[in-house]
2 protein chains.
Amino acid sequence: MSCASLYAPELRARGFRMTSQRKAILHVLHHSGDHLSPAEIFERARREAPGLTYPTVYRTLEFLAKNGLAMPAHIVGKKQLAYQIVGESHHHLICRSCGSSLEVGLDALEPAIRQLEASSGYRFINSHVTLLGLCPKCQKEAG
Amino acid sequence: MSCASLYAPELRARGFRMTSQRKAILHVLHHSGDHLSPAEIFERARREAPGLTYPTVYRTLEFLAKNGLAMPAHIVGKKQLAYQIVGESHHHLICRSCGSSLEVGLDALEPAIRQLEASSGYRFINSHVTLLGLCPKCQKEAG
DNA sequence: TAATTTATTGCAAAAATTTGCAATAAGGAA
DNA sequence: TTCCTTATTGCAAATTTTTGCAATAAATTA
Ligand SMILES: [Mn+2]
Ligand SMILES: [Mn+2]
Ligand SMILES: [Zn+2]
Ligand SMILES: [Zn+2]
């Protein structure tokens with residue numbers, strides 16, 4: 001029983017198909033919960049889906065993002081775009097000097113985002129925000 | 001008189017150098033104001049800096065982002081990471097179904113971000129947030 | 001101005017990501 | 001179950017992005 005059964009109805013309702021490749025990738029994202037690079041996802045998912053290829057990994061991640069099942073996150077300083085399963089709302093605050101990071105809970109930005117949902121008419125906003133700043137340590141060093 | 005003279009002191013104070021390549025790229029970003037892909041930046045900047053190469057463009061954009069002079073933005077549906085000069089604070093709300101987008105003014109999220117600056121100790125947060133949602137039209141179609 | 005230091009660049013090659021298209025297989029219909 | 005339609009995949013090739021390293025040039029000093 002794969003966790004992919006959670007997502008299958010969602011996809012089929014929109015005319016998409018649940019394939020073994022998508023199951024494997026969703027399984028990896030779902031159980032890791034973390035931000036994973038395409039390469040990490042490829043390595044882990046192909047244990048369940050032998051024959052899996054890189055083009056499929058990239059296309060699937062883009063597909064999941066477009067459909068609101070995964071969130072992309074670009075972290076300055078890391079070259080690869082990472083993906084994470086949609087779950088607990090949270091955001092990232094990263095020091096652009098030393099790279100140290102802080103996870104920001106949903107209470108910080110979420111109210112403003114819900115407000116925006118109301119005023120814009122857009123709905124189902126998945127927020128996965130990466131903010132860049134200077135951490136306290138680097139503020140001192142920079143003067 | 002290039003607009004790069006605006007940025008030179010900033011860089012030199014941190015031990016970096018203002019080069020003809022950086023001048024050209026800053027000039028392009030500064031006067032466009034828009035989100036530009038590395039390829040667009042390369043094409044425009046090399047008019048002023050002949051001999052400019054792609055590795056330099058990529059390294060410079062990463063450099064400007066790390067130093068708070070430019071903001072990267074990953075737009076789901078577009079493959080390339082785009083960059084924009086740091087200027088008016090604003091955010092993007094994009095429909096993950098049809099791609100239509102809305103610019104979100106600084107009043108929507110900025111108060112929450114200033115609040116976060118206070119509570120986290122991080123400072124000089126450049127926010128350039130891309131939020132994904134479903135626009136009103138696509139909400140109807142999706143049911 | 002000339003010399004010095006080293007941040008930055010260009011080049012060539014490697015690695016990552018995207019694309020076109022024919023083959024495959026998921027899901028629905030018979 | 002078998003047949004159909006077409007969304008999805010794998011493959012090969014194209015394109016984009018990154019990296020190592022020697023050559024270059026910005027800024028400081030003499
Ligand atoms: Mn995250
Ligand atoms: Mn923008
Ligand atoms: Zn820091
Ligand atoms: Zn839409």
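Numbered from 1 within each chain, the chains take letters A, B, ... in sequence-line order. Being a predicted model, the structure only gives us computed values, none of them experimental.
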Visitor: For C:dT9, take OP1 and OP2 only and decide whether either is under 4.0 Å from a side-chain N or O of B:Thr53.
Guide: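 No, no such contact exists.
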Visitor: Rounded to the Å, how far apart are B:Arg12 CZ and D:dT28 P?
Guide: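 Going from B:Arg12 (CZ) to D:dT28 (P), I get 7 Å.
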Visitor: How many Å lie between CZ on B:Phe63 and C1' on D:dA26, as a whole number?
Guide: 13 Å
Visitor: Can you tell me which nucleotide in C:dT9, C:dA16, C:dA26 comes closest to the side chain of A:Gln80?
Guide: C:dA16
Visitor: Counting C-beta onward and ignoring hydrogens, is there a side-chain heavy-atom pair between B:Leu131 and B:Ile94 closer than 4.5 Å?
Guide: no
Visitor: Using whole Å, what does the distance between atom P of nucleotide D:dT19 and atom OH of B:Tyr54 come to?
Guide: 18 Å
Visitor: Closer to the 5' end of DNA chain D via nearest nucleotide, is it B:Leu81 or B:Ser20?
Guide: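 It is B:Leu81, whose closest nucleotide lies nearer the 5' terminus.
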Visitor: Are the side chains of A:Tyr122 and B:Ser100 in touch, meaning some heavy atoms are under 4.5 Å apart?
Guide: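 Yes - at least one pair of side-chain heavy atoms lies under 4.5 Å apart.
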Visitor: Rounded to whole Å, please give me the gap between CG in A:Leu61 and C1' in D:dT8.
Guide: 15 Å
Visitor: Taking atom P of C:dT6 as reference, at what distance in whole Å does atom CZ of B:Phe16 sit?
Guide: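 Those two atoms, CZ and P, are 15 Å apart.
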Visitor: Quick check for you: among C:dT5, C:dC11, D:dA12, whose closest atom lies nearest to any side-chain atom of A:Pro55?
Guide: D:dA12
Visitor: Could you pick out which residue, B:Pro38 or B:Thr19, lies toward the 5' side of DNA chain D when each is mapped onto its nearest nucleotide?
Guide: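 Result of the comparison: B:Pro38.
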Visitor: Taking the side chain as every heavy atom from C-beta outward, state whether B:His90 and B:Gln84 have any pair of such atoms under 4.5 Å apart.
Guide: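 When only atoms from C-beta onward are counted, B:Gln84 and B:His90 do touch, with a gap below 4.5 Å.
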Visitor: Rounded to whole Å, please give me the gap between NZ in B:Lys23 and P in C:dT9.
Guide: 12 Å
Visitor: Can you work out whether B:Leu52 or B:Gly15 has the more 5'-proximal nearest nucleotide on DNA chain C?
Guide: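 Nearer the 5' end of the strand: B:Gly15.
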Visitor: Could you measure the distance from the CD atom of B:Glu110 to the CD1 atom of B:Ile125? Nearest 0.5 Å is fine.
Guide: 9.0 Å
Visitor: Taking the side chain of B:Gln21 as heavy atoms from C-beta outward, which of C:dA26, C:dT9, D:dT18 is closest to it?
Guide: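 Nucleotide nearest to B:Gln21's side chain: C:dT9.
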Visitor: So do the side chains of A:Arg59 and A:Thr53 get within less than 4.5 Å of each other, counting heavy atoms only?
Guide: no
Visitor: Ignoring hydrogens and angles, does a donor from either the side chain of A:Arg59 or the base of D:dG10 sit under 3.5 Å from an acceptor on the other?
Guide: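 It does, because a donor-acceptor pair links the side chain of A:Arg59 to the base of D:dG10 below 3.5 Å.
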Visitor: Could you tell me how far apart B:Arg17 (CZ) and C:dA7 (C1') are, to the nearest whole angstrom?
Guide: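 B:Arg17 atom CZ is separated from C:dA7 atom C1' by 4 Å.
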Visitor: Calculate the interatomic distance between B:Arg22 atom CZ and D:dA27 atom C1'; express it in whole Å.
Guide: 13 Å
